[in-house]
Amino acid sequence: MTYFPEIDIFENELIQKYEGVLEQLLRDHTTEQNIFWATDNYEHLGAEYSYHAQITKDLISGVNGSVIMPRVKKDKELQQVRSRSMAEVFTPSWICNAQNNLIDAAWFGKKNVFNKEIVKKDGSRTWQVNKNKILFPENKNWRKYILDTRLEIACGEAPYITSRYDTTNGQYIPVEKRIGILDRKLRIVSENVEESGKWLEAAQDAYKKTYAYEWQGDSLLLAREAMLMTFIENYVLKFGKEPLPKSIKYIAYIISWNTWQMDGLKGVIPNSCMAVQEGTGNLFINDDIPIQHCPGCKTGNINLHNGIYSLIKDWYVKDKSTGKKGRKIKFASLIQKH
């Protein structure tokens, strides 16, 4: 039972079914505004769709409900443009599965935990799901698995996080056959928890320990939407009904923190670094005063950028300023020097 069997999650339907959820999925907690387009692909639609413009609900809903769509549904020429300009190349699900399997093989200490990879006679690849309940090594358990921190870098539509569809051919994948990081964590939750309230708590933990970042705003929104629907679809599969609206909205809140907009090489909001005139802090006012380029961009030191550093939330550490769990930290501060 699924509510969005098509791969494209229509924003109009999100608005109708889940009040306030789309607004949450558009939120950027670093700037305390909305995520922005960060691409010129939509500027022909007007100034509101230009590179630096924020993505707002009205720009992608109503008569604009088909503006954002998965890459596989975009015009072929536009796909090529994005591949050339942003190196946007999406990964087939079988490769995502193979690489996620490697991670799990290391974690469990054995292969083929969730599925077995198969090469067909025609050379194409797929996988056969292990339908037995997942068993854990003596020193590990299901709680440790869902609390294991996982990150997808430059996530695009987040095929490594959730495999609702194959991003290369648009094929919809049933919940029981999915191979993403969250797909696996939610399977573990469903196999070990029977009561709805406890299932929701465990699912929230799984989302809080799963991260991803992306440059382009449209892909980021698609990733967030896919993660939201993965939550709903897994709950429906387990309990035969949708979660309460407050539970859906809280998952959307977690997603909006854990899947964020960032230049992955610099750790800042895309294109937020500046060149300024020495001693003034101003942008290009007097041609006689030397220009000071961003120190981080100039030296390659991720800690010296003058742009806006992207923030994430550590959900389990207390914030000294508020006294509550959920400390805000710069993602760049987590990257060790080598």
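All values derive from a computational prediction rather than experimental measurement. Here, residue 1 is the first one in the sequence, and each next residue gets the next number. Below, each value reflects all heavy atoms present in this structure, side chains not excepted, and no hydrogens, waters or symmetry copies.
- Taking a 6.0 Å sphere around CD of Q99, one finds it holds more than 12 heavy atoms contributed by other residues, nucleotides or ligands.
- Atom CD of E19 sits in a sparse spot, with 12 or fewer heavy atoms from other residues, nucleotides or ligands closer than 6.0 Å.
- Exactly one of E11, E225, K57, M227 qualifies for a side chain to side chain contact (heavy atoms under 4.5 Å, CB included) with L25. That residue is E225.
- The closest side-chain heavy-atom distance from Y309 to F331 is not below 4.5 Å.
- Heavy atoms from other residues, nucleotides or ligands lying under 6.0 Å from CD1 of I153 number 12 at most.
- For the pair Y213/Q261, no side-chain contact is recorded, criterion being any heavy-atom separation below 4.5 Å from C-beta on.
- In this structure, W257 and Y253 have perpendicular ring planes: the angle between them is above 60°, well past the 30° mark.
- Just one of N41, T39, N271 meets the side-chain hydrogen bond (donor to acceptor under 3.5 Å, both in side chains) condition when paired with Y51; it is N271.
- Residues I134 and I179 fall into different hydrophobic clusters, defined by Ile, Leu, Val, Met, Phe, Trp and Tyr side chains chained together at heavy-atom separations under 4.5 Å.
- Considering CG of L182 and CD1 of I255, their distance stands at 8.0 Å, rounded to 0.5 Å.
- Put simply, W94 and Y165 are part of two different groups of oily side chains (I, L, V, M, F, W, Y) that touch within less than 4.5 Å, one to the next.
- Under a hydrophobic clustering in which Ile, Leu, Val, Met, Phe, Trp and Tyr are joined whenever their side-chain heavy atoms come within less than 4.5 Å, directly or via other members, Y207 and L147 fall into the same cluster.
- Within 6.0 Å of CD on E32 lie no more than 12 heavy atoms contributed by other residues, nucleotides or ligands.
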Self-check item: Criterion side-chain contact (heavy atoms from CB on, under 4.5 Å) on D183 and N100, from CA distance to verdict
Solution: CA-CA 11 Å; D183 302 321; N100 282 343; over 6 Å; no
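- Ring centroids of Y145 and F114 are separated by less than 6.0 Å, placing the two rings close together.
- No cation-pi contact links K209 to W315, judged by a cut-off of 6.0 Å to the six-membered ring centre and 45° from its axis.
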Quiz item: Checking side-chain contact (heavy atoms from CB on, under 4.5 Å) for the pair I312/N258: CA distance, chi angles, key distance, verdict?
Solution: CA-CA 7 Å; I312 62 171; N258 280 35; over 6 Å; no
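- With contacts defined as side-chain heavy-atom distances shorter than 4.5 Å, the pair K324/D319 does not qualify.
- Contact detail for F36 and P270: the closest heavy-atom pair is CZ-O, 3.5 Å.
- Using a 4.5 Å heavy-atom threshold, the side chains of P295 and N306 count as touching.
- Note: the hydrophobic cluster containing I173 does not contain V236 (ILVMFWY, side chain heavy atoms under 4.5 Å, direct or indirect links).
- Between L45 and N64 there is no side-chain heavy-atom pair separated by less than 4.5 Å.
- When the side chains of ILVMFWY residues are joined at heavy-atom separations under 4.5 Å, either directly or via intervening members, V113 and Y160 end up in two distinct hydrophobic clusters.
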Quiz item: Going through the checks in order, is the side-chain contact (heavy atoms from CB on, under 4.5 Å) test met by E242 and I248?
Solution: CA-CA 9 Å; E242 286 198 356; I248 295 173; 4.3 Å; yes
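- A salt bridge is defined here as a Lys NZ or Arg NE, NH1 or NH2 lying under 4.0 Å from an Asp or Glu carboxylate O, and E176 with R187 fails to meet this definition.
- Taking CD of Q54 as the reference point, atom OH of Y49 lies at 14.0 Å (rounded to 0.5 Å).
- Side-chain contact between D263 and W215: present, with at least one pair of heavy atoms (C-beta onward) separated by less than 4.5 Å.
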Exercise. For side-chain contact (heavy atoms from CB on, under 4.5 Å), just list the numbers for K313 and H29, CA-CA rounded to whole Å, side-chain angles, deciding distance to a tenth of an Å, and then say yes or no.
Key: CA-CA 10 Å; K313 180 175 284 195; H29 293 283; over 6 Å; no
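- A distance of 6.0 Å or more separates the ring centres of F136 and W142.
- The distance from the CG atom of L311 to the CE atom of M262 is 11.0 Å, given to the nearest 0.5 Å.
- Residues K133 and N192 have side chains in contact (heavy-atom distance under 4.5 Å, counting atoms from C-beta outward).
- There is no side-chain donor-acceptor pair under 3.5 Å between T56 and N34.
- Partner T210 forms a side-chain hydrogen bond (donor to acceptor under 3.5 Å, both in side chains) with one of K185, E152, R150 and no other, that one being K185.
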Practice problem: Take N234 and S190 through the side chain to side chain donor-acceptor pair (under 3.5 Å) test and state the conclusion after the steps. | Solution: CA-CA 8 Å; N234 274 271; S190 292; 5.0 Å; no
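- With contacts defined as side-chain heavy-atom distances shorter than 4.5 Å, the pair V175/R178 qualifies.
- Within 6.0 Å of NZ on K140 lie more than 12 heavy atoms contributed by other residues, nucleotides or ligands.
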